[in-house]
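Let me begin by presenting the structure, written as C-alpha cells, before commenting on it.
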Amino acid sequence: MPFLSESVNEGTVSWQAQLGEMVYEGDWLLDVSTNKVDMTVDSPVAGVLIEICVADDETAQVGETLGVIGPAGSAPLTAE
C-alpha cells in the first residue's frame, strides 16, 4: 500500500487488473479509498499479476503488499 499522507494509515482496495492479466508499467492497477482521499495506483513494472494479497473491498495498511507482478508468461500463484 503506497504512502498517502501523514494522517492516513489504511485504505480499501478495489482492483482494476485481474489475476493472471498482463499489465504494463503505468497501467491502472487498482484504486485505494480512504476517509480522506481516493486515488488510483498504477503498475510500477510490466509483467503478469500473479498474486492478489489484498482482495477487493478489503482494508490494507500503508506499506502492506497488495499484489505481486511476475515476469511476462508467469502463471498466477493463487486461484481466483
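Count residues from 1 along the sequence. Just the heavy atoms: all of them, side chains too, but no hydrogens, waters or symmetry mates, feed the values below.
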What is the distance from atom CD1 of I50 to atom CD1 of I69, rounded to the nearest 0.5 Å? 9.0 Å

Value rounded to 0.5 Å, distance of CG in L66 from SG in C53: 7.5 Å

Spacing of CG belonging to L29 relative to CD belonging to E21, to within rounding of 0.5 Å: 8.5 Å

Counting N and O atoms only, with roles assigned by atom type, does the side chain of D27 sit under 3.5 Å from a partner on the main chain of S43, one being a donor and the other an acceptor? no

For a side chain to side chain contact (heavy atoms under 4.5 Å, CB included) with V13, tell me which candidate from T59, V54, V41 qualifies. V54

Once you round to the nearest 0.5 Å, how far does CG of D31 lie from CH2 of W15? 11.0 Å

Looking only at heavy atoms, which two atoms of T34 and G11 are closest? And how far apart? CG2-CA, 3.9 Å

Using every non-hydrogen atom in the two residues, find where L49 and Q18 come nearest and quote the distance to one decimal. CD2-O, 3.7 Å

Is there side-chain contact between V45 and E25, with heavy atoms separated by less than 4.5 Å? no

Please report the interatomic distance OG(S33) to CD(E10), rounded to the nearest 0.5 Å. 12.0 Å

Has T65 got a side-chain atom pairing as donor or acceptor with G67's backbone, closer than 3.5 angstrom? no

Residue pair S74 / G70: nearest heavy atoms and the distance that separates them: OG-C, 3.7 Å

From E64 CD over to N9 CG, what is the distance, rounded to the nearest 0.5 angstrom? 12.5 Å

Nearest atoms (heavy-atom pairs only) where L19 meets P76: CG-CB, 3.8 Å

Would you kindly confirm whether W28 and I52 end up in one hydrophobic cluster when ILVMFWY residues are joined by side chain heavy atoms under 4.5 Å apart? no

